[in-house]
Amino acid sequence: MTLQDFLLVLVGALIGFISSIGIIIVEKWLDRFGKFNIFYKLYKTEHVTESLGYIEDDDEITFVVPVMFELQNTTNTTRVIRDLSAMLYNNECLVGKMIQVAKFRAFETTNGEKIITKERDFGSAKNSYSFVIPSQNIQREYCNFAYTIDISEIANYYFNEVKLQYFDEKNKMHLFTLRKIENSWGAEKLLIDEDWQLAKLR
């Protein structure tokens, strides 16, 4: 083989390699087409720990936010939501991160024995607030967030907005408004969502 033949083979191999890389990049780029949407509803049930609003118990008050999500992935690649959290803000200043509730149980005492009358798990498997959404898929998840303070400390924990925060598969943080609150810790009646809301990034 002459030097010219060798160079022609080398150039051909290089062009083939570059073409293959280009095809892979284009395929991955095309796979990202479509949308990843987060729809949500603030809801309530008959049980107090799953009812939007405030619960007073002795010297403490708890703000409860139950949320039903529908996670819609119309792309051809798996999407990830990691550490989905509810955050309390006051004019863009973080007040606190709400607790991710794992489960609740309702008990009834019969003949001196406690019996579980209702039980609900929140989040994904093992009560995690991280979710994997396969391509071309939609899945429903129930989450519940709570934040408890001493009633005497209400003035120090004023907030006017609840935001949802999560990290994606590239560990990029996303933040969007869940609900504006006019009178935190007050007697304001918080309304549930009658229809699905589309989360819009802020």
Side-chain angles (χ1 to χ4, degrees), residues 35-72 79-105 120-124 127-131 133 139-202:
K35 290 185 177 181
F36 178 62
N37 291 318
I38 298 176
F39 295 93
Y40 66 90
K41 276 185 184 182
L42 274 63
Y43 72 98
K44 66 179 180 180
T45 68
E46 294 179 356
H47 197 273
V48 67
T49 58
E50 200 178 11
S51 184
L52 176 65
Y54 306 97
I55 304 170
E56 288 192 40
D57 183 22
D58 295 329
D59 296 327
E60 293 184 332
I61 184 169
T62 300
F63 179 45
V64 180
V65 182
V67 191
M68 185 189 333
F69 291 98
E70 284 204 344
L71 310 174
Q72 181 190 52
R79 304 302 296 269
V80 171
I81 287 181
R82 182 178 65 78
D83 191 26
L84 181 62
S85 304
M87 321 292 283
L88 302 180
Y89 276 82
N90 181 27
N91 297 327
E92 301 303 320
C93 294
L94 179 63
V95 174
K97 178 179 180 179
M98 301 183 74
I99 293 172
Q100 299 163 329
V101 179
K103 67 169 57 183
F104 82 73
R105 288 174 177 169
R120 180 192 282 281
D121 288 299
F122 297 104
S124 61
N127 307 113
S128 169
Y129 276 61
S130 295
F131 310 97
I133 305 92
Q139 64 191 52
R140 180 173 293 189
E141 303 288 352
Y142 287 85
C143 297
N144 198 351
F145 305 94
Y147 196 78
T148 301
I149 62 170
D150 290 334
I151 292 177
S152 61
E153 293 290 312
I154 282 179
N156 298 326
Y157 291 92
Y158 176 83
F159 65 94
N160 56 18
E161 189 173 11
V162 183
K163 295 188 179 185
L164 263 289
Q165 174 185 288
Y166 74 91
F167 297 86
D168 63 19
E169 60 275 4
K170 295 182 179 179
N171 212 33
K172 179 181 178 182
M173 191 265 282
H174 298 264
L175 192 68
F176 60 85
T177 297
L178 184 68
R179 178 65 62 88
K180 297 280 189 178
I181 304 292
E182 293 184 5
N183 183 22
S184 67
W185 309 112
E188 175 187 0
K189 183 179 180 180
L190 302 177
L191 300 177
I192 63 172
D193 293 318
E194 297 294 340
D195 203 357
W196 291 103
Q197 309 296 313
L198 174 62
K200 296 180 180 179
L201 297 179
R202 294 292 188 267

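In this chain, residues are counted from 1 in sequence order.
Proximity of a side-chain donor or acceptor of Gln100 to a complementary backbone N or O of Leu84 within less than 3.5 Å is detected. The backbone N or O of Glu60 sits nowhere less than 3.5 Å from a side-chain atom of Asp150 that would complete a donor-acceptor pair. At distances below 3.5 Å, at least one donor-acceptor pair connects side-chain atoms of Glu169 with backbone N or O atoms of Val80. For Glu194 (side chain) and Ile192 (main-chain N/O), no donor-acceptor pair under 3.5 Å exists by modelled atom type. With hydrogens and angles ignored, the 3.5 Å screen pairs no side-chain donor or acceptor of Arg79 with any backbone N or O of Phe131. Between the side chain of Asp168 and the backbone N or O of Asn171, at least one donor-acceptor pair lies under 3.5 Å. The closest donor-acceptor contact from the side chain of Thr177 to the backbone of Arg179 lies at 3.5 Å or more, if one exists at all. In terms of modelled atom types and a separation under 3.5 Å, the side chain of Asn160 and the main chain of Ser184 share no donor-acceptor contact.
Rounded to the nearest 0.5 angstrom, Ile55 CD1 and Thr62 OG1 are separated by 6.0 Å. To the nearest 0.5 Å, atom CD of residue Glu161 and atom SG of residue Cys93 are 11.5 Å apart.
Contact record, Gln197 with Asp195: NE2-O, 3.1 Å, taken as the closest heavy-atom pair. Taking all atoms of both residues into account, the shortest heavy-atom contact from Gly53 to Leu190 is CA-CD1, 4.0 Å. When all heavy atoms of Ile38 and Phe69 are compared, the closest pair comes out as CG2-CD2, 3.8 Å. The nearest pair of heavy atoms linking Ser51 to Thr45 is CB-O, 4.0 Å. Across every non-hydrogen atom of Asp83 and Lys97, the tightest pair is OD2-NZ, 3.4 Å.
At a threshold of 4.5 Å between non-hydrogen side-chain atoms, the residues Val67 and Asn144 do not count as touching. At least one side-chain heavy atom of Glu56 sits less than 4.5 Å from a side-chain heavy atom of Ile151. In this structure, Leu175 and Tyr89 have side chains that are in contact, with non-hydrogen atoms separated by less than 4.5 Å. Here the side chains of Trp196 and Met68 are in contact, with some heavy-atom distance below 4.5 Å. Side-chain contact between Tyr40 and Asp193 is present, with heavy atoms from C-beta onward closer than 4.5 Å. Using a 4.5 Å cut-off on side-chain heavy atoms (C-beta onward), Phe36 and Ile81 make contact. Side-chain contact between Gln165 and Met173 is present, with heavy atoms from C-beta onward closer than 4.5 Å. Using a 4.5 Å heavy-atom cutoff, the side chains of Val65 and Leu42 are in contact.
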* What's the verdict on side chain to side chain contact (heavy atoms under 4.5 Å, CB included) for Phe176 and His174, showing C-alpha distance, side-chain angles and the deciding distance? -> CA-CA 7 Å; Phe176 60 85; His174 298 264; 5.6 Å; no
* To do: Take Tyr147 and Ile99, measure what side chain to side chain contact (heavy atoms under 4.5 Å, CB included) needs, and give me the verdict at the end.
  => CA-CA 6 Å; Tyr147 196 78; Ile99 293 172; 5.9 Å; no
* Should Ile61 and Thr148 be marked as a side chain to side chain contact (heavy atoms under 4.5 Å, CB included) after you check the CA-CA gap, both sets of side-chain angles, and the distance that decides it? -> CA-CA 6 Å; Ile61 184 169; Thr148 301; over 6 Å; no
* Take Leu88 and Leu94 through the test side chain to side chain contact (heavy atoms under 4.5 Å, CB included) and record every step on the way to the result. => CA-CA 6 Å; Leu88 302 180; Leu94 179 63; 5.9 Å; no
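For Lys44, the NZ atom counts as loosely surrounded, since its 6.0 Å shell holds 12 or fewer non-hydrogen atoms of other residues, nucleotides or ligands. Crowding of Asn183 atom CG: a count of heavy atoms from other residues, nucleotides or ligands under 6.0 Å exceeding 12.
Contacts of Asp58 classified as side chain to side chain donor-acceptor pair (under 3.5 Å), with partners at least two apart in sequence or in another chain: none. With sequence neighbours excluded, the residues that form a ring pair (Phe, Tyr, Trp, His ring centres under 6.0 Å) with Phe159 are Phe63, Trp185.
The closest side-chain donor-acceptor pair between Glu70 and Gln72, if any, does not fall under 3.5 angstrom.
For an aromatic pair to be called close, the ring centres must be under 6.0 Å apart, and Tyr129 with Phe145 satisfies this.
Relative to the six-membered ring of Tyr166, Arg82 misses at least one condition, a distance below 6.0 Å or an angle of at most 45° to the axis.
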